[in-house]
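If you're wondering where the values come from, they're calculated on a predicted model, not measured in any experiment. The analysis underlying the following values was restricted to heavy atoms, covering all of them including side chains, and did not include hydrogens, waters or symmetry mates.
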Amino acid sequence: VQLQASGGGLAQAGGSLRLSCAASGVNFRINTVDWYRQAPGEQRELVASITSGFATNYADSVKDRFIISRDNIKRTVYLQMDSLKPEDTAIYYCHLWLHRDYWGRGTLVTVSS
């Protein structure tokens, strides 16, 4: 299983970014996929999840600003991040569990005030 995250970068507060997580080596459509983030000096935290049935879950801190979605044909999960805040600055990781945890390499999101 390989997870390739992309789409991070620099944004201004109030701006938007879209992250992508491309999966390979797995029957993608049956898996829940998550986005986590880790800010400097902080623990990694769950940002959003999407199940095989397209049910979604969000951390309170990103509700109404972030949207997670998936395209099973492209084997990709997206995280649309709008109304970005400086506190969203972190390395974002995609995650999938299949008998064990699989993590993407991470993509850095920096939001300037």
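Atom CD of Gln4 is surrounded by 12 or fewer heavy atoms from other residues, nucleotides or ligands within 6.0 Å.
The hydrophobic clustering, which links ILVMFWY residues whose side-chain heavy atoms are closer than 4.5 Å, places Leu3 and Val26 together.
Other residues sharing the hydrophobic cluster of Trp103, ordered by chain and number and joined by side-chain separations under 4.5 Å: Tyr36, Leu46, Ile91, Tyr93, Leu108.
When atom types are taken as modelled, the side chain of Thr89 and the backbone of Glu87 share no donor-acceptor pair closer than 3.5 angstrom. Proximity of a side-chain donor or acceptor of Asn31 to a complementary backbone N or O of Val33 within less than 3.5 Å is not detected.
Residue pairs meeting the disulfide (SG to SG under 2.5 Å) criterion with at least one partner in residues 7-113, sequence neighbours excluded, are Cys21-Cys94. Evaluation of the side-chain hydrogen bond (donor to acceptor under 3.5 Å, both in side chains) test over residues 47-60, restricted to residues two or more places apart or in two chains, returns Asp34-Ser49, Asp60-Lys63. The disulfide (SG to SG under 2.5 Å) contacts involving residues 46-80 comprise nothing, where partners must be two or more places apart or lie in separate chains. Within the structure, the salt bridge (Lys or Arg N to Asp or Glu O under 4.0 Å) test picks out the following pairs touching residues 40-55 (sequence neighbours left out): Arg37-Glu45. The salt bridge (Lys or Arg N to Asp or Glu O under 4.0 Å) contacts involving residues 75-84 comprise nothing, where partners must be two or more places apart or lie in separate chains.
In terms of the side chain to side chain donor-acceptor pair (under 3.5 Å) criterion, residue partners of Arg65 (sequence neighbours excluded) are, by chain and number, Asp88. Partners of Asn27 according to the side chain to side chain contact (heavy atoms under 4.5 Å, CB included) rule, which considers only residues two or more places apart in sequence or in another chain, are Arg29, Ile30. Looking at residues two or more places apart in sequence or on another chain, you find a side chain to side chain donor-acceptor pair (under 3.5 Å) between Asp101 and His95.
Minimum interatomic distance between Gly8 and Thr107 (heavy atoms only, all atoms of both residues): N-OG1, 3.0 Å.
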